[in-house]
Amino acid sequence: MLTKSAWNGVQSLLDNYFKVRNDDHVVVVYASKTVEHASWVSAALRLRGIPVEKVWMIPLRDPEFSQRFSVALPEPTAIRGRLIVLTFERDSLSHDSLIRAGLSQFDADRRMVFRVISTCDELFTVALQESPDQLSAKNTTILETLVPSKALRITTPGGSDLSVTLDSKKHRWISNRGVWRPGSFVILPAGEVATFPASIEGKLVADFAFNVNMMTDRDARLDAHPITVWIENSRAVKYECVSSEVTSFLNECFYGYCAYTVGELGFGTNASIQTPISLNSHINERHPGVHLGFGQSNQAPWVVGYDCNIHLDLIAKGGTVWIDDRETPLDLSKVCKSSNPHPTHTWDEDAGSSQGITDLEVEDCCGILTSEGLRLFDPRTSEDRLNVQGATSAR
Amino acid sequence: MDEQAREVSVDADVLEAVTEEISQSRSVARQMETDAERKGIPVELQGVRYRIYETEKPK
């Protein structure tokens with residue numbers, strides 16, 4: 001529903017994220033499920049007198065998308081300003097390579113791509129209220145503090161207690177802040193810093209929400225029934241939740257799809273996001289707190305030694321990060337804004353299209369890198385089996 | 001105060017523009033879906049889960 005608050009979010013997108021100008025040309029790509037929200041933005045552009053074209057797409061697999069997209073694009077010589085492509089999807093992130101191919105004729109300095117995953121009302125009423133400048137400054141603070149560090153202890157009000165070691169020379173950092181740089185796509189909603197933990201153990205109490213890279217209508221909120229995960233040697237070894245439905249979902253993720261390896265250590269920085277939403281959404285992941293991503297990592301498979309189809313983020317409310325031997329911790333709910341320029345060594349995009357549609361079968365859910373290449377992981381073998389226990393304490 | 005009552009509506013001209021935009025886009029989407037289905041291209045993904053995204057890997 002278009003409320004004043006949502007309309008303010010639309011204006012924030014145009015003014016703070018695009019910094020749109022009258023000589024820009026915008027192409028809005030939308031799916032059938034995102035017609036309404038995409039139309040809010042295209043209508044706002046038309047009211048400003050900015051040229052806008054709209055392209056419909058089928059998510060994930062659309063054999064005619066390239067043709068439709070190329071027809072909608074203006075001639076490069078016909079644009080005085082920038083070409084801005086904005087895509088809206090609710091459950092997916094599709095056609096990366098097709099979009100890049102279609103835009104290859106435009107100068108990299110003048111083609112901007114913003115990709116919305118988790119299109120919903122809250123994107124506009126909540127997530128876009130925080131500007132890229134604010135997110136960038138907070139991300140900079142976190143990067144300045146954590147990139148040089150070696151050991152972290154992370155606690156949360158909900159009871160998490162994690163010991164982490166970092167290796168920033170080996171593992172890249174991702175900073176998602178809504179700021180466009182030539183050659184990169186901007187993923188929205190924005191507001192996160194993440195890396196891969198060289199080692200991690202302890203207990204995570206995810207009392208905010210989950211976010212998983214599968215299509216699901218399951219309610220993502222965990223505030224009423226938090227998930228507790230015990231971690232040893234960077235792997236989930238036990239988990240508990242009072243909800244039998246959520247436990248069943250975890251069984252499927254952890255045991256059915258081998259997503260027990262901790263593949264991501266993430267810190268949300270979007271202070272507008274204080275309440276979880278029910279949608280399986282990146283919005284929840286941008287909450288100012290700590291989250292762990294189980295399964296698929298944010299590093300190249302040859303760096304971490306494994307690959308996995310599934311990525312399950314378990315998100316805690318808030319978090320305090322103790323760094324090396326420093327006396328003053330970093331409070332994730334009160335990150336100060338750095339006045340320094342944002343580092344240039346980080347990656348901007350924390351998500352991308354899959355290489356192809358894959359049915360998530362157990363047999364090919366994940367693999368281990370060996371000297372002979374990627375070998376399928378088989379939890380039934382004694383060599384690969386890990387003791388993953390699930391406990392239901394439904395009351 | 002009730003949360004819905006607190007929500008302020010947008011201006012009438014904005015609402016009109018948005019309503020027209022939505023109507024036009026929905027019409028296009030319906031037509032495109034019909035065309036796609038006629039060509040045998042599935043527009044709905046039902047009952048099957050996909051890898052909807054993956055964390056971007058360094059090139």
Side-chain angles (χ1 to χ4, degrees), chain A residues 1-7 30-32 35-36 38-40 42-44 46-47 54 56 58-64 68 89 91-94 117 172 174 185 194 213-216 263-264 293 296-301 303 309-311 347 349-360, chain B:
Chain A
M1 179 184 168
L2 183 62
T3 60
K4 186 69 175 173
S5 175
W7 192 242
Y30 67 100
S32 294
V35 163
E36 181 177 359
S39 297
W40 294 357
S42 58
R46 292 194 210 281
L47 285 170
K54 291 165 72 173
W56 176 81
I58 305 171
L60 300 178
R61 180 190 281 164
D62 185 347
E64 298 182 338
R68 265 184 261 119
E89 294 178 71
D91 303 309
S92 50
L93 201 60
S94 312
I117 187 169
R172 64 174 184 150
I174 297 97
F185 288 0
N213 70 336
M214 295 192 298
M215 293 186 189
T216 179
E264 176 193 359
Q296 191 179 74
S297 82
N298 53 18
Q299 310 291 313
V303 171
N309 279 348
I310 192 172
H311 183 86
W347 278 63
E349 302 155 50
D350 64 340
S353 303
S354 76
Q355 299 306 311
I357 294 176
T358 307
D359 281 338
L360 292 177
Chain B
M1 182 186 296
D2 180 76
E3 190 167 331
Q4 283 186 322
R6 193 160 49 218
E7 281 288 0
V8 178
S9 299
V10 297
D11 294 341
D13 58 342
V14 168
L15 190 59
E16 181 180 351
V18 167
T19 302
E20 186 175 332
E21 192 82 16
I22 292 173
S23 175
Q24 189 264 345
S25 297
R26 280 203 175 127
S27 175
V28 168
R30 273 194 294 269
Q31 183 182 343
M32 300 298 279
E33 286 180 342
T34 301
D35 287 347
E37 285 168 343
R38 182 170 45 81
K39 295 173 184 175
I41 300 170
V43 298
E44 287 288 345
L45 303 172
Q46 297 286 350
V48 185
R49 285 170 298 184
Y50 294 86
R51 182 173 13 178
I52 61 172
Y53 66 80
E54 60 184 351
T55 49
E56 189 79 353
K57 300 298 188 292
K59 302 296 187 298

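Lettering of chains follows the sequences in order, A, B, ..., and the numbering in each one begins at 1.
Residues satisfying the salt bridge (charged side-chain N to carboxylate O under 4.0 Å, His left out) test with D11(B), not counting sequence neighbours, are none. The salt bridge (charged side-chain N to carboxylate O under 4.0 Å, His left out) check on E64(A) picks up K39(B), with sequence neighbours excluded.
Closest non-hydrogen pair, A29(B) versus Y30(A), comes out as N-OH, 4.2 Å. A pairwise comparison of heavy atoms in E36(A) and I22(B) identifies CG-CD1, 3.7 Å as the closest pair. Closest of all the heavy-atom pairs between S42(A) and E21(B) is OG-OE2, 2.7 Å. The minimum heavy-atom distance between S25(B) and V35(A), with the atom names listed, is CB-CG1, 3.7 Å.
Here V14(B) is the residue among D13(B), T19(B), V28(B), V14(B) with the most heavy-atom pairs under 4.5 Å with chain A.
Atom OG in S39(A) sits 7.5 Å away from atom CZ in R26(B) (nearest 0.5 Å). Atom NZ in K54(A) sits 5.5 Å away from atom CD in Q24(B) (nearest 0.5 Å).
Residues S32(A) and V43(B) form no side-chain contact, since every pair of their non-hydrogen atoms from C-beta on lies 4.5 Å or further apart.
Contact annotation for E33(B): both backbone and side-chain heavy atoms come within less than 4.5 Å of a heavy atom of chain A.
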